[in-house]
Amino acid sequence: MGTIAISGCATGIGAATRKRFEADGHRVIGIDLRDVEVVADLSTPEGRGRAIDETLQACGGRLDGAVLCAGLGGHIGENATVASVNYFGVAELLDGLFPALQRGEEPSAVVMCSNSAQLVPNAIDTPLVQAMLARDEPESRRVAEEECSGQLVYMLSKNAVGTDVRRRALAWGDAGVRINALAPGPIETPLLQGGLDTPGIGDAIREFKVPVGRWGRPEEIAEVVAFLMGPHGGFVHGSIWYVDGGADALTRSDRF
Ligand code: NAD
């Protein structure tokens, strides 16, 4: 049994992941805007600082796992907030929780990316991904507001998150902490529903072909998180797992 911090676990994938780990007897420290142990707003530097401090306090400086699920859809009409939560709410928490993970037992982290992260050609060269990876939050927020659509901010923030995870592979591996990203396709959660309810975006989601013929359930993502975090996933490190009913295979058959 271990102690696992989960961000974004008030609803959706994070809530299903919490339930999955608690069923196995783990202790979960939830980080979210409401209904959790650590109430914090990950869209601001102050909120992220509080999230890290209070999580470290709650776990006594020792964590066996971290699952970072907090995220916002591109449909919400607040591009700067999406950039801050989706990228800085991940990267800064990974940095802040890393010392506690190093003291954990067979420690591991999983971050929610998205199968849309690879839909923008040469995403790594875009001003938004460059600003994010440079950890320049004011510039990231400016580019997100002034130069991008909401959906583009979402996809690029997830691209930056995936790159951030992969760039940690050597240092985290040396420290004995595994880290992976999971790239879901459409999963039936409040985030997906928000997109479906937004004119101009809902139809695009409905038309997005998923080879298995349905959308996923949060519990199906939680199962893969549990595998990646557990002993059977012990050699999986620095990788991005597409759990999307085959949608990535359909759109990028020849690129992997
Ligand atoms: P969700 O909306 O059900 O859950 C997101 C959680 O993040 C919520 O509990 C919310 O309160 C929390 N959150 C949002 N802003 C926050 C803030 N400022 N501070 C703290 N917490 C905040 O969505 P979900 O579908 O479960 O998404 C979980 C993750 O999976 C997200 O990162 C999302 O981008 C990713 N994802 C989801 C889908 C999908 O189709 N549902 C697909 C690909 C990736």
Side-chain angles (χ1 to χ4, degrees), residues 5-20 28-52 54-55 66-76 78 80-94 110-119 137 141 150-151 153-162 164-165 181-198 201-202 204-206 208 210 214-222 224-225 240-245 247-248:
I6 306 181
S7 77
C9 66
T11 59
I13 292 168
T17 303
R18 172 175 205 140
K19 208 169 155 191
R20 177 68 177 75
V28 170
I29 300 169
I31 306 164
D32 207 307
L33 292 168
R34 61 183 184 286
D35 302 332
V36 289
E37 290 76 6
V38 175
V39 173
D41 181 354
L42 299 177
S43 72
T44 67
E46 301 72 33
R48 295 190 291 270
R50 191 167 55 252
I52 292 164
E54 291 186 16
T55 302
V67 186
L68 302 189
C69 296
L72 291 167
H75 60 273
I76 68 164
E78 296 171 38
T81 309
V82 176
S84 288
V85 173
N86 288 13
Y87 181 74
F88 294 91
V90 170
E92 289 183 13
L93 256 62
L94 288 175
V110 170
V111 169
M112 283 308 140
C113 184
S114 165
N115 74 346
S116 66
Q118 293 291 344
L119 292 180
E137 189 172 18
R141 292 175 63 91
Q151 289 306 93
V153 173
Y154 182 80
M155 293 189 282
L156 292 179
S157 67
K158 294 298 181 179
N159 186 280
V161 157
D164 187 280
V165 165
L182 196 153
I187 308 297
E188 290 167 355
T189 68
L191 185 150
L192 182 71
Q193 193 58 51
L196 288 168
D197 294 343
T198 305
I201 295 177
I205 297 172
R206 276 182 278 269
F208 188 66
V210 179
R214 65 172 176 85
W215 294 330
R217 296 183 293 275
E219 295 74 23
E220 292 176 301
I221 301 299
V224 183
V225 174
I240 300 184
W241 279 39
Y242 286 79
V243 186
D244 68 349
D248 180 64

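Numbering of ligands and ligand atoms starts at 1, following listing order. Throughout, residue positions are numbered sequentially from 1 according to the sequence presented. No experiment lies behind these values; they were computed from the predicted model shown.
Listed by chain and residue number, Asn115 satisfy the side chain to side chain donor-acceptor pair (under 3.5 Å) test with Asp244 (two or more places apart in sequence, or in another chain). The side chain to side chain contact (heavy atoms under 4.5 Å, CB included) search around Leu33 returns Asp41, not counting sequence neighbours.
Nearest to atom 38 (C) of ligand 1 by heavy-atom distance, out of Gly74, Gly185, Ala183, is Gly185. Nearest to atom 29 (C) of ligand 1 by heavy atom, out of Pro186, Cys69, Gly71, is Cys69.
Scanning the protein for heavy atoms near atom 40 (O) of ligand 1, the closest one is Ile187 N, 2.8 Å. Counting protein heavy atoms only, atom 24 (P) of ligand 1 is closest to Thr189 OG1, 3.6 Å. Distance from atom 21 (N) of ligand 1 to its nearest protein heavy atom, with residue and atom name: Asp32 OD1, 3.5 Å. At the shortest separation from atom 36 (N) of ligand 1 among protein heavy atoms lies Tyr154 OH, 3.5 Å. The protein heavy atom nearest to atom 3 (O) of ligand 1 is Thr11 OG1, 2.9 Å. For atom 18 (N) of ligand 1, the closest non-hydrogen atom of the protein is Asp41 OD1, 2.8 Å.
Side-chain contact between Ser114 and Met155: absent, with no pair of heavy atoms (C-beta onward) separated by less than 4.5 Å. Between Asn86 and Val161, the closest side-chain pair of non-hydrogen atoms is not below 4.5 Å. Residues Gln151 and Ile201 meet the side-chain proximity criterion, which asks for heavy atoms closer than 4.5 Å. When side chains are defined from C-beta on, Val165 does not count as touching Ile240, because their heavy atoms never get closer than 4.5 Å.
Residue-ligand proximity, Leu42 to ligand 1, at heavy-atom distances under 4.0 Å covers atoms 17 (C), 18 (N), 19 (N), 20 (C). When each atom of ligand 1 is checked for a heavy atom of Arg34 under 4.0 Å away, the hits are 11 (O).
Smallest separation of non-hydrogen atoms from Val210 and Gly245: CG1-O, 3.7 Å. Smallest separation of non-hydrogen atoms from Tyr87 and Ser157: CD1-O, 4.4 Å.
Note on ligand 1: Ala40 sits in its first shell, one or more heavy atoms being nearer than 4.0 Å. Close to ligand 1: Cys113, with a non-hydrogen atom less than 4.0 angstrom away. Not a single heavy atom of Trp215 lies less than 4.0 angstrom from ligand 1.
Here the CD1-CD1 distance, from Ile187 to Ile221, works out to 3.5 Å after rounding to the nearest 0.5 Å.
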